[in-house]
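For reference, the structure discussed in these notes is given below.
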Amino acid sequence: MSAIEFDHVWYRYSSHQDYALKDVTVTIGKGEIVGVVGPNGAGKTTFAKHINGLLKPDKGLVKVLGRDTKDESVARLSRDVGIIFQNPHHQLFSETVSEEVLFGLKNFDVENPGLVAERVLEDFGLLQYREKPPLSLSGGEKKRLCIASAIAWDPKILVLDEPTVGQDLNNKRQLLDLIVSWSQRGKTAILVSHDMEFLWALNPRILVFSKGRILADGKVDVVFTDEEILHEASLRLPQLAELAAKLGWKNPPRTPSEAAKRILEVKGWPM
Amino acid sequence: MDPRCRLLIALMLFAFSLAFLDLPKVVLVLALVILAGTLSKILRRLAKLQILTGILVAFILVINITIGYSVIYSLTLSLRFLSIVSSTSVFFLTTSPDELEQVLKWLRAPRDVVFAFTTAVRFVPVLMLDLSQIIAAQRSRGLEFEKGNPITRLRKLSPILVPMIVTALLRSNDLAEAIEVRGYGVSKRPTSIYELKFSKYDWSCIVIVVLATAALTFLLIY
Ligand SMILES: Nc1ncnc2c1ncn2[C@@H]1O[C@H](COP(=O)(O)OP(=O)(O)O)[C@@H](O)[C@H]1O
Ligand SMILES: [Mg+2]
């Protein structure tokens, strides 16, 4: 059984003429990491909101862990699908950091919520702030808290909408590690992002959205080196891919050190 | 049409909605309000609003009748309420924040008041968007409004209200800084790219309004 299945999904907002999702068909397996990219208004967030049933398809079918989202409440689906939206201020409301994490745990009747919350806060390096108000944290910490409060109830699928916006290099690195270890536990992660460098480093499967349709679906090194697709989706080549293209390399390097090694080999310079 | 002209029409309809007390006249004003709505092509939005108000009105109607007022009297009262609300909406639904600003300036309102007022109007759609995103975010964390008794339901409002207030404050803070760095408050009488001008069409409108006012006043007195 796959984690997420979209079968010819169409969706239109009542205030809009045009469909925000047009005939979207895709299957995402358990344990996969998927990056969803595309220009503003392409339908990425609309796609994400279908995964926990916040939106239900006008036509077609969405199945999450084998269950038709039309038959389930948002709360029941969210038990298995943790979605974190872009703006932390849209969800932080508690008096303390630990209460913020407890909110989801209580809603989903998780056992030993106090202990679970403490462990998650420790994992996320937020334990020292547990009695502080969430709004007193820095931007990166707020984002981490939002992610922590979803991971706390241990969903099977994590959906992050624009997680790298406004995050510094360190935060991004932590996020990268977090997603990698998440998927190593056999869990599914969906990242909505147009941070090409971030996705390049993460090396996930990529879905390219454009005007409500899936334009391309494939591995990063295939999709992100296809200039035609990137142009269509107004995206820019990641720097390492661009470098590889300029040097005429077939398979682009994943990290700067890999690139450096190859360049030095060609030149025959000593390492 | 000049926004001042629209304001005048709305004021007239509003005044007579208040003034008339018997059923046929109230129905007449309500018909005029709907006519104005039709002419300004906002009928659909006006109808939406009237349905919302209608629910409240129906509620008042039921209460009035149950506590023993006559049906006619209660009906008149309800329709009056409906026409009072709709007559003001005729103005606000047809007038953009820019035009509102012009009208307020023309009325010699202080600049800060004008700015505060139009900004509040402009903020409504932005805040509505925030609200829907906040509700989506909290429902994704397992918040369910449908469950529980009235008291627990009331407590469920804080995950919505707190972020709402916080984002509104942050937005207004951002706005305050943004306008200040662009010179807000430097000039007492800032220039404007729009100027209000009465056209022939507007003058004929005024004449109609004056005639209508006379006619309705006649109705009111006799
Ligand atoms: N709440 C909404 N109401 C009406 N239209 C919306 C709403 N949210 C998004 N849209 C429209 O749907 C389309 C897709 O939006 P969205 O999924 O948010 O795109 P993305 O996340 O890729 O930027 C856009 O044209 C947008 O204007
Ligand atoms: Mg989006």
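Keep in mind that the numbers below use all heavy atoms, side chains included, and drop hydrogens, waters and symmetry copies. In the text below, chain A, chain B and the rest are named by the order of the sequence lines, each starting its count at 1.
Around atom NZ of A:Lys63, no more than 12 heavy atoms belonging to other residues, nucleotides or ligands sit under 6.0 Å away. Atom NZ of B:Lys48 has 12 or fewer neighbouring heavy atoms from other residues, nucleotides or ligands inside a 6.0 Å radius. Around the CZ atom of B:Phe145, the shell of radius 6.0 Å holds more than 12 heavy atoms that belong to other residues, nucleotides or ligands. Heavy atoms from other residues, nucleotides or ligands lying under 6.0 Å from NZ of A:Lys22 number more than 12. At most 12 heavy atoms of other shown residues, nucleotides or ligands fall within 6.0 angstrom of atom CD in A:Glu111. For A:Arg205, the CZ atom sits in a packed shell: over 12 heavy atoms of surrounding residues, nucleotides or ligands are nearer than 6.0 Å. Heavy-atom neighbours of A:Lys172 NZ from other residues, nucleotides or ligands within 6.0 Å: above the threshold of 12. In B:Ile151, the CD1 atom is not crowded: 12 or fewer heavy atoms of neighbouring residues, nucleotides or ligands sit closer than 6.0 Å.
Residues of residues 167-179 of chain B lying under 4.5 angstrom from chain A, judged on non-hydrogen atoms, are B:Thr167, B:Leu170 by number.
The shortest heavy-atom contact between A:Leu135 and B:Val166 is CD1-CG2, 3.6 Å. B:Pro163 and A:His89 get closest at one heavy-atom pair: CB-O, 3.2 Å. Here the closest non-hydrogen pair linking A:Ser78 and B:Arg139 is OG-O, 3.8 Å. Closest heavy-atom contact between B:Ala137 and A:Gln91: CB-CB, 4.1 Å. Nearest heavy atom pair, residue B:Ser140 against residue A:Asn52, reads OG-ND2, 3.1 Å.
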Query raised in the report: Under the side-chain contact (heavy atoms from CB on, under 4.5 Å) criterion, do A:Phe103 and B:Leu143 qualify, and how do the steps go?
Result: CA-CA 9 Å; A:Phe103 178 68; B:Leu143 183 70; 3.9 Å; yes
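Heavy-atom pairs under 4.5 Å with chain B peak, among A:Ile83, A:Leu77, A:Asn107, A:Leu92, at A:Asn107.
Proximity to chain B is absent for every atom of A:Thr45, based on heavy atoms less than 4.5 angstrom apart. For a residue to count as touching a neighbouring chain, one of its non-hydrogen atoms must lie under 4.5 Å from one of that chain's; by this rule A:Ile84 does not touch chain B. A:Ser73 touches chain B through its side chain: at least one heavy atom from C-beta onward sits under 4.5 Å away, while N, CA, C and O do not.
Salt-bridge check for B:Arg141 with A:Glu100: passed, with a basic side-chain N closer than 4.0 Å to an acidic carboxylate O.
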